[in-house]
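Just so it is clear, the values below take in all heavy atoms, side chains as well, and ignore hydrogens, waters and symmetry mates. Below, read A as the first sequence line, B as the second, and so on, with proteins coming before strands; counting in each chain starts at 1.
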Amino acid sequence: MTISAASVAVEIDGRCLLNDVSLCIEPGQIIAVVGPNGAGKSTLIAAIAGDITPAEGIIRYDGIDLQALSSLDRAAIRSVMAQSQSVVYDFSVLDIIAMGWVRGRYAESARQFGAAVSAIVEECAIAELLERTFNSLSGGEQRRVHFARALLQLWRPRGSRNSAYLLLDEPTANLDLAHEVRLLKKLTALAAEGIGILLVVHDLNIAAKFADKIAILHGGRMACIGPPKDVLTAERLTKVFEIPISIDPNPLTIKYY
Amino acid sequence: MTTSNPQAAHLNALTTRQTRALFGLIVTTLVAAAVACASGSFEISLWALLEGNASVLEQSVFNQIRVPRVLLSGLVGASLGLSGAALQGLFRNPLADPGLIGVSAGAALGAALIIVLGSKFAVGATLGAFLLPVAAICGAALVILLLYIMTRGFGYQGVTYMLLVGIAVNALASVGIGVLTYISNDAELRSLTFWSMGSFGGVTWSLLLPALLAITVALVTMAPAARALDLLQLGEVEASRLGVNIVGLRYRVIFSAAAAVGASVSLSGMIGFVGLIVPHLVRIIGGVNHRYLLPGSALAGASLLISADLLARTLIQPAELPVGLITSAVGSPFFLWLIFRMQKP
């Protein structure tokens with residue numbers, strides 16, 4: 001039970017954005033994807049989420065070719081928190097969160113919708129935002145609401161053995177320190193519950209502290225993937241990010257200024 | 001947030017405010033229909049009709065003229081309101097009105113083709129009654145498809161772009177109608193002129209039936225798309241990640257909006273601005289969720305056009321104004337106000 005990408009290549013308008021990238025998201029594991037701008041991080045998320053079809057390679061959800069799954073099937077397996085979207089009309093925050101409920105999948109559980117939302121609203125500390133319109137929120141508040149929506153999409157009936165994965169593209173962007181820490185702790189808790197997590201993140205120290213594995217993308221290729229201690233070496237990071245970077249091993253800290 | 005479990009009610013159900021709004025709209029529509037059936041250049045007492053002591057003339061005016069006319073204006077209003085709401089949802093563009101973006105013009109061109117060329121090739125009257133809505137629906141569908149292809153990838157940024165495409169499509173359609181006008185004879189010209197303004201005059205039961213069918217099908221097809229249209233407001237990619245079959249949704253909305261607009265235009269000509277005003281008013285009353293907005297817009301559109309038609313035939317009795325004139329008189333200032341409001345940051 002994994003989400004796996006095998007030698008995936010993505011081409012858009014003749015430009016090769018990803019080339020021969022392979023990785024595997026295991027249940028209960030956090031993988032952090034790092035890399036400079038234009039390395040293909042968001043493209044990787046989009047390919048794994050199924051937004052774009054790879055030119056080469058194959059992506060499988062729990063062993064099934066992604067191309068063979070309907071969008072509803074995909075939505076029931078993985079949840080995506082992307083960089084913020086604008087919404088044209090004045091939906092309330094509660095409306096936006098409720099959009100995360102994948103209908104038809106757990107029809108018999110519709111009665112548990114209220115309890116599921118209440119729990120998530122409390123975890124994300126957004127109770128005071130619920131009645132406001134989404135468009136009136138600040139950038140950081142909007143991201144917290146999108147996170148809550150992504151969490152609702154992960155909801156499973158109690159005792160369900162169905163696997164669940166969460167893909168996040170820079171989830172901590174625009175968040176203040178308190179909410180950043182809250183979100184990262186929530187990710188750790190989700191991983192402990194068996195959810196597989198892939199997150200794109202810019203802060204190497206966050207990646208070092210919270211991820212089980214780090215994948216470094218560089219120029220559309222997987223430069224390296226493995227546990228933080230093995231992957232994060234001063235020499236490699238200096239080469240990939242093109243600034244002098246030093247490493248403090250205990251606790252693992254990346255210094256670049 | 002006063003009830004014990006507010007979110008539980010939120011998944012499928014309407015909020016209290018939305019339920020009240022829909023109920024109010026139903027009442028408004030019924031009252032407007034009753035008033036419109038009774039009044040006109042020939043007053044009919046509804047009580048006398050109910051008690052069964054109305055004169056034969058009163059009964060025949062009521063059955064053969066008033067009821068089909070009110071029914072038609074209500075149906076056309078409902079389909080314009082509904083397709084306006086659905087198109088504004090599909091294009092994520094609050095200015096998507098079937099008239100402004102050229103859908104009605106496409107339908108009118110289709111209908112005009114049948115009026116002029118149909119009689120040239122001696123199509124029978126019965127066949128004509130069905131061909132007319134079919135041609136109008138095809139014209140409307142072609143324009144929506146064209147718009148969709150041209151605005152793909154523009155998304156939210158395409159608000160004004162789409163109106164520009166609409167101007168071009170409207171111009172193209174009027175060229176087509178102009179050419180048809182030039183080659184038409186007197187009788188055809190009279191029918192053609194009727195499209196430019198829109199009117200509910202001269203409707204009969206037999207004319208009403210094909211359109212009634214098309215509009216009902218459109219209403220029924222659109223209803224299940226409500227939640228998908230909500231999700232679509234996050235963007236196509238995001239909606240697809242949440243399980244929406246984007247292609248299916250697209251065709252469903254395009255097909256039903258084209259059917260509704262095409263059938264309406266084939267019967268009553270081009271009536272502008274209803275699809276623009278109505279969804280905005282309905283959103284102001286009760287919110288933006290499509291499970292409320294779609295039925296709300298159908299009801300509000302119906303009551304708006306029933307009232308507008310009542311005004312059109314009573315303001316300068318015994319003469320009659322084109323109903324399109326009334327809706328444009330209300331709609332164009334509203335359109336200006338919308339643009340003014342969108343300019344503000």
**Item:** side-chain hydrogen bond (donor to acceptor under 3.5 Å, both in side chains): pairs with one or both residues in residues 270-280 of chain B, sequence neighbours excluded
**Value:** none

**Asked** Do A:Q67 and A:R60 have side-chain N/O donor and acceptor atoms under 3.5 Å apart?
**Response** no

**Prompt:** Within residues 229-237 of chain B, which positions have a heavy-atom distance to chain A below 4.5 Å?
**Reply:** B:D230, B:L231, B:Q233, B:L234, B:V237

**Request:** Would you give the length of the straight line joining atom CD1 of A:I195 to atom CG of A:L187, rounded to the nearest 0.5 angstrom?
**Result:** 10.0 Å

**Request:** Counting only heavy atoms closer than 4.5 Å, note whether A:I96 contacts chain B via side chain, backbone, both or neither.
**Result:** side chain

**Parallel, tilted or perpendicular, as decided by the 30° and 60° cut-offs, for the rings of B:F335 and B:F273** = tilted

**Asked** Of all of A:S71, A:A46, A:A49, which one pairs up most often with chain B through heavy atoms under 4.5 Å apart?
**Response** A:S71

**Request:** Output all residues satisfying side-chain contact (heavy atoms from CB on, under 4.5 Å) with B:S256, sequence neighbours left out; order by chain, then residue number.
**Result:** B:A218, B:T221, B:M222

**Request:** Apply side-chain contact (heavy atoms from CB on, under 4.5 Å) to B:S104 and list each qualifying residue two or more places apart in sequence or on a separate chain.
**Result:** B:P98, B:V261, B:V265, B:M270

**Pair A:R149 + B:E238: basic N to acidic O under 4.0 Å** = yes

